[in-house]
Enquirer: 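Structure provided below as structure tokens; questions to follow.
Every chain is numbered from 1 and lettered A, B, ... according to where its sequence line falls, protein lines coming before strand lines. FYI, side chains are in, hydrogens and waters are out, and symmetry mates aren't considered; it's all heavy atoms of this structure.
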Number of protein chains: 2
Amino acid sequence: MASGVNGTSGRPRKAAGRSPSVSPLSLNRISFYLRCLKRLDAEGLERISSKELARRFNLSAPQIRKDLAQLGEFGIRGVGYETSALIEHLSTLLGLDRQHRMVIVGMGNLGSALARYLGFNSGPFQVVAGIDKDPDKVGERIGSFVVRPAEELAQVVRCSGAEIGVLTVPADGAQASHDALVDAGIRGVINFSPTRIRPVPGVPLKDVDLRIHLEELAYFLQERQGQHS
Amino acid sequence: MASGVNGTSGRPRKAAGRSPSVSPLSLNRISFYLRCLKRLDAEGLERISSKELARRFNLSAPQIRKDLAQLGEFGIRGVGYETSALIEHLSTLLGLDRQHRMVIVGMGNLGSALARYLGFNSGPFQVVAGIDKDPDKVGERIGSFVVRPAEELAQVVRCSGAEIGVLTVPADGAQASHDALVDAGIRGVINFSPTRIRPVPGVPLKDVDLRIHLEELAYFLQERQGQHS
DNA sequence: AGATGTGAATGAGTTCACAGCT
DNA sequence: AGCTGTGAACTCATTCACATCT
């Protein structure tokens, strides 16, 4: 049930190159730090301390240091971190220095919504194809691609060179669609279906459940409870 | 920095009525259990054990029991849980027994995508209004409503009786839009902006950052690491 | 002096084993 | 017998205080 599996070969000194298995929670924060740093960089700020970063973006300074320190010694003691250098490091760590092609499976409301949203995004993530089993949706043009039928899934994945599968099918078909993507050679899956999928070892899977987030909020609305993150 | 704040007055025996401050993580799972139970109920299954529930949906049986036990004694020892009764209990716990009206602030790609997605959803969550500061977008019809200008935010919130604000503005304007929603009397906010907002005590805030999830996946793609949740 | 990097202490969350009902 | 409810062990994550470097 754990995630681990560390593939580093034990360097003599902690180097900036390969990272030694970062925990998902830490990773999420790092991803967020990166975005903060980009904003600061755009403002022309060249250096920032963990304290100031924490103050500006509502974070915890010791945690920033812990998160960053595990990747190598990026900071300058007595000074802080260099924004541009850190941005560089974190980007390559997360694999954002290259393009990631995505296929969306299930072009219902959520699927086409995400296609439009992600399609216009010109970052490292790019939607290259959409698939649906409903004949009415096949052939429809959404953003920069045309919806293809479910039977062509494997072919579409291979031809488009997609790495990431985006699952937006109903709960019932989610596991089957996931497995089909894996069989077709997809390297990772992000699942928006309202169900939990059994992951295939070696193919990372990330669940994002919008309804759960709404329902969590609904719960806190009733209580006279304070804030939470 | 903690979330807590418990408002219960200490009943003699643990009752099914008011719940004693459930942790967000536990809450997310409960929300998911509810969905699983609904599927089982639709299949006609009247009773289910934690073990079987875990097996079917890839969960942990002891955790299911812990999560449910903290809400009261819903199970029957030696038998399991009654699906319909449990669905009832969890629904009211989460506040899904009534309608929640939502206003979307920021009708860009993500905002209008969500509007369409949530708009067709006929559950307890209902999008009743959309707001944007761009004059070009104002007046546009999206789903069942017409986009209104930013100046009318307070008025729209009050007239529509919206409880939940959905933030889909760029990072720069997020805090200001959030505060405006709070001032207008919104009761909770779900934030899709790629930035962290300083919450106002008493108004629950939930961050959902799609980009972070994608970047987390991108990281795991590079490594030859196994699965994770 | 000032800020990072890090081990120790604290806290939260999960797993486990079993007592207690039915 | 079977399954829930729960205290205790354990793992994981965060916070803190301080040694270390510039």
Side-chain angles (χ1 to χ4, degrees), chain A residues 1-6 13-16 19-30 32-33 37 45-56 58-83 85-86 89-90 216 228-229, chain B residues 1-6 13-16 19-30 32-33 37 45-56 58-83 85-86 89-90 216 228-229:
Chain A
M1 276 276 175
S3 63
V5 184
N6 188 336
R13 215 158 267 285
K14 187 171 7 179
S19 66
S21 151
V22 186
S23 91
L25 266 67
S26 174
L27 203 56
N28 285 357
R29 288 189 298 267
I30 288 171
F32 185 73
Y33 301 155
L37 288 165
L45 209 56
E46 293 180 1
R47 279 189 289 272
I48 184 112
S49 70
S50 61
K51 195 173 153 195
E52 176 65 7
L53 192 61
R55 194 192 59 76
R56 283 234 210 179
N58 210 16
L59 301 165
S60 145
Q63 186 147 65
I64 292 173
R65 292 202 297 276
K66 256 245 151 96
D67 285 334
L68 295 180
Q70 72 184 323
L71 308 174
E73 302 215 353
F74 294 148
I76 307 159
R77 302 195 181 197
V79 179
Y81 301 89
E82 280 193 37
T83 49
L86 193 49
H89 277 121
L90 299 186
E216 183 188 340
H228 71 289
S229 146
Chain B
M1 276 276 174
S3 62
V5 184
N6 188 336
R13 213 159 268 284
K14 188 171 4 181
S19 68
S21 149
V22 186
S23 92
L25 266 67
S26 174
L27 204 56
N28 285 356
R29 288 189 298 266
I30 288 170
F32 186 73
Y33 301 155
L37 288 165
L45 208 58
E46 293 181 0
R47 279 189 289 272
I48 184 111
S49 70
S50 61
K51 195 174 152 194
E52 176 66 6
L53 192 61
R55 193 191 60 76
R56 284 234 210 179
N58 210 15
L59 301 165
S60 145
Q63 186 147 66
I64 292 172
R65 292 202 297 276
K66 256 253 151 95
D67 285 333
L68 295 180
Q70 73 184 320
L71 308 173
E73 303 215 354
F74 294 149
I76 308 159
R77 304 195 179 196
V79 179
Y81 300 89
E82 280 193 39
T83 49
L86 193 49
H89 277 123
L90 298 186
E216 183 188 340
H228 72 287
S229 145

Enquirer: Which of the following nucleotides, C/dC16, C/dG13, D/dG5, is nearest to the side chain of B/Ser23?
Expert: C/dG13
Enquirer: Between D/dC3 atom P and B/Arg77 atom CZ, what is the distance in whole Å?
Expert: 14 Å
Enquirer: Look at the side-chain N and O atoms of B/Ser60 and state whether any lies under 4.0 Å from the OP1 or OP2 oxygen of C/dT15.
Expert: yes
Enquirer: B/Leu86 CG to D/dT4 P: how many Å, rounded?
Expert: 11 Å
Enquirer: When the distance from CD of A/Glu73 to P of C/dA3 is rounded to whole Å, what number comes out?
Expert: 18 Å
Enquirer: Any N or O donor-acceptor pair linking the side chain of A/Arg65 to the base of C/dT4 at under 3.5 Å?
Expert: no
Enquirer: 5'-most contact on DNA chain D: A/Ser26 or A/Val79, nearest heavy atom basis?
Expert: A/Ser26
Enquirer: Quick one: does B/Lys66 reach the base of C/dT15 with a side-chain donor-acceptor pair under 3.5 Å?
Expert: yes
Enquirer: Tell me which nucleotide among C/dA3, C/dT15, D/dT15 gets nearest to the side chain of A/Ser49.
Expert: C/dA3
Enquirer: In whole angstroms, how far is the C1' atom of D/dC16 from the NZ atom of A/Lys51?
Expert: 15 Å
Enquirer: Within this structure, what is the CG-to-P distance between A/Asp67 and D/dC16, rounded to whole angstrom?
Expert: 15 Å
Enquirer: Considering only side-chain heavy atoms of A/Gln63, which listed nucleotide, D/dA17, C/dT14, D/dT15, is closest?
Expert: D/dT15
Enquirer: Among the candidates C/dT14, C/dT22, C/dT6, find the nucleotide nearest to the side-chain atoms of B/Leu25.
Expert: C/dT14
Enquirer: Compare side-chain N and O positions of B/Arg29 against OP1 and OP2 of C/dT14 and report whether any pair is under 4.0 Å apart.
Expert: yes
Enquirer: Tell me: CG of B/Leu53 to C1' of D/dC3, nearest whole Å?
Expert: 13 Å
Enquirer: Does a nitrogen or oxygen in the side chain of B/Ser50 sit under 4.0 Å from OP1 or OP2 of D/dT4?
Expert: yes
Enquirer: In whole Å, what is the span from the CZ atom of A/Arg47 to the P atom of D/dT22?
Expert: 15 Å
Enquirer: Using side-chain heavy atoms (C-beta onward) and a distance below 4.5 Å, is B/Phe32 in contact with B/Leu59?
Expert: yes
Enquirer: Does any non-hydrogen side-chain atom of A/Val79 lie less than 4.5 Å from one of A/Arg47?
Expert: yes
Enquirer: Quick check for you: to the nearest 0.5 Å, what is the distance between B/Gln70 atom CD and B/Ser23 atom OG?
Expert: 6.5 Å
Enquirer: About how many Å separate CD of B/Gln63 and CG of B/Leu25, when rounded to the nearest 0.5 Å?
Expert: 8.5 Å
Enquirer: Hey, does the side chain of A/Ser50 reach the backbone of A/Ile64 with a donor-acceptor pair shorter than 3.5 angstrom?
Expert: no
Enquirer: Think B/Tyr81 has a side-chain N or O under 4.0 angstrom from the OP1 or OP2 of D/dG2?
Expert: no
Enquirer: Rounded to whole angstroms, how far apart are CZ on B/Phe74 and C1' on D/dG5?
Expert: 13 Å
